[in-house]
Number of protein chains: 2
Amino acid sequence: MARAVRAARGNGAATANQIKVTARAQMAAHGTAGLSLRGIARAMAITAPAIYNYFPSLDDLITALIIDAFTSLAEATEAAEAAVRNQPPFDRMMAICLAYRQWAISHPTDFLLIYGNPIPGYQAPEELTIPLARRPFLGLFHLFASTFEAGTLQIPPSYQDLPDEMSTAIAAWKRSSAIEMPDALVVLLMSGWARVHGAIMLEMFHHLQPLVGDGEAFFVHEVTAFAAQLGVR
Amino acid sequence: MARAVRAARGNGAATANQIKVTARAQMAAHGTAGLSLRGIARAMAITAPAIYNYFPSLDDLITALIIDAFTSLAEATEAAEAAVRNQPPFDRMMAICLAYRQWAISHPTDFLLIYGNPIPGYQAPEELTIPLARRPFLGLFHLFASTFEAGTLQIPPSYQDLPDEMSTAIAAWKRSSAIEMPDALVVLLMSGWARVHGAIMLEMFHHLQPLVGDGEAFFVHEVTAFAAQLGVR
DNA sequence: CAGTGTAAATAAACGCCGTTTATTTCTAAG
DNA sequence: CTTAGAAATAAACGGCGTTTATTTACACTG
């Protein structure tokens, strides 16, 4: 019955969803830190306190938006991976990376919400976001591990032996996460992520285009060069 | 005489400088978007409107902070470069890149101010910031060009031929900037910047440390691998 | 069908914010 | 000693997140 009553005026979950939609539009217009409850309320033709019926505070709304963003990103990379599951490793790697960039470019606000400057007053509940932050990359981890095991990924000489500071940290991470792969593969994954992430950030803030023009062309070229360096075909 | 009067109460440029110092402290505490004139005034034990005697608006204060940040970053890389001017290309490259990271890590607020999310209401005066944004990288451009000309930098196979979208854009950029170097070198510079920038961003938001531990060790390793790929010693 | 419980919306208020205006303070020059 | 003018202030405007108290409007009950 609570459910039936809920459907009466505010239409329950539908309204909560529309608040999030409006919030995303607000962030797209004024930046992630430009989000305002009163602005959302104005755009929805309601009063600001009404939003408190659906989210206890602005922070909880932001948390919901972050969860949605991570989930959306993960679904994008997972869908891309599923579509090329039986193709060569290179195609799978490219598909995942391209999906990552494509999502970032078409959802810049959500991307900056999860990977850009934190919103001033906001404090993320870590126990909630850590597993979320990991999910978009699970596919890449498995791809790297399986491709290496199949012998179609060669670790470049530069990554053969690593400084002790990194080896000990990687050992600890492998223990805690129960993922088993050569240390060099972990470092190569971080290196690849840094390249991909950096390229997207530079493109997003227009540091890339004045020099090399098309961001996607540069991105594809970078991923191709990275794969070539690993001998992944 | 205006100068003498200025020195009377507010102490002129000294006060303007202290406003900027306080503003940086505020940004460090509450994020770049958490800057507030009233907060600065409170910390300085003056009233908010008094700040308008030194900066016409919050935006102008932000612009001044951005100019300072770019200048400080450029001075850091230039100083690092000057200190190793007569050493091998690898050492010079490493010095510049390390200075870039070191500055970013020790001035995270300023780094995010110039390379992170824009502050909600703020609009940067482009004609002012474009040359500023270029300065920190001039050293690297010259280093790459001269090292290539000396024959001690080999362009990797993956960068030998580039897609047309990029070649035409690079041609246009070279025309407008009057810098002459092979297209591949421009792309390699952007690739290197993306790697460096991405690694710093990931470290800054603690995405790196859980896996590889020490951010600096990873960074040094990445630059070393990049140099090795180019045959730069 | 009237009465009641309750979710959801509102109005009003509090202390923040950037900014403008008018006013006061204080120093230095004449 | 007077006065010009820079620099600080007080007061106010509209907007912000949030809380409190109140009203609205619907679904169920008797």
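Just so we're on the same page: letters track the sequence lines, and every chain starts at 1. Any value given below was found using the heavy atoms of this structure, including those in side chains, with hydrogens, waters and symmetry copies removed.
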End axis versus end axis in the helix from dC1(C)-dG30(D) to dG30(C)-dC1(D), the angle rounded to 10°, five pairs used at each terminus:
20°

Nucleotides 19-23 of chain C: which of its N/O atoms have a protein N/O under 3.5 Å away?
from, atom 1, to, atom 2, distance (Å)
dT19(C), OP2, Y52(B), OH, 2.8
dT19(C), OP2, L58(B), N, 2.9
dT19(C), O5', Y52(B), OH, 2.8

How long is the line joining CG of N53(A) and C1' of dT23(D), in whole Å?
13 Å

Side chain to side chain contact (heavy atoms under 4.5 Å, CB included) partners of L138(A), counting only residues at least two apart
R134(A)

My understanding is that only residues two or more places apart in sequence, or in another chain, count here; which of them pass side chain to side chain contact (heavy atoms under 4.5 Å, CB included) with E165(A)?
P163(A), D214(B), A217(B)

Taking only side-chain N and O atoms of R42(B), does any of them lie within less than 4.0 angstrom of OP1 or OP2 on dC17(C)?
yes

Atom CD1 of I51(B) and atom C1' of dC17(C): how far apart are they, to the nearest Å?
12 Å

I need the CD1-P distance between I40(B) and dC16(C), as an integer number of Å.
17 Å

T47(B) side chain: which of dT9(D), dG18(C), dA9(C) is closest?
dT9(D)

Qualifying side-chain hydrogen bond (donor to acceptor under 3.5 Å, both in side chains) pairs, either residue in residues 124-133 of chain B, two or more places apart:
none

Contacts of F141(B) meeting side chain to side chain contact (heavy atoms under 4.5 Å, CB included) (sequence neighbours excluded), chain-then-number -> L211(A), F137(B), W173(B), M181(B), L189(B)

In chain order, what residues pass the side chain to side chain contact (heavy atoms under 4.5 Å, CB included) check against A48(B), with sequence neighbours excluded?
R38(B), A41(B)

With sequence neighbours excluded, residues passing side chain to side chain donor-acceptor pair (under 3.5 Å) with Q26(B):
none

Between N117(B) and T32(B), do the side chains contain a donor N or O and an acceptor N or O under 3.5 Å apart?
no

List the residues meeting side chain to side chain donor-acceptor pair (under 3.5 Å) with D183(B), not counting sequence neighbours, and say none if there are none.
K174(B)

Could you tell me the separation between the CZ atom of F55(A) and the P atom of dT18(D), rounded to a whole number of Å?
13 Å

Among all residues two or more places apart in sequence or in another chain, which pass the side chain to side chain donor-acceptor pair (under 3.5 Å) test with Y115(B)?
none

Residue-level proximity of residues 117-124 of chain A to DNA chain C when a heavy atom falls under 4.0 Å
none

How are the rings of F205(B) and H207(B) set relative to one another: parallel (under 30°), tilted (30 to 60°) or perpendicular (over 60°)?
perpendicular

With E78(B) via side chain to side chain donor-acceptor pair (under 3.5 Å) - residues at least two apart
R135(B)

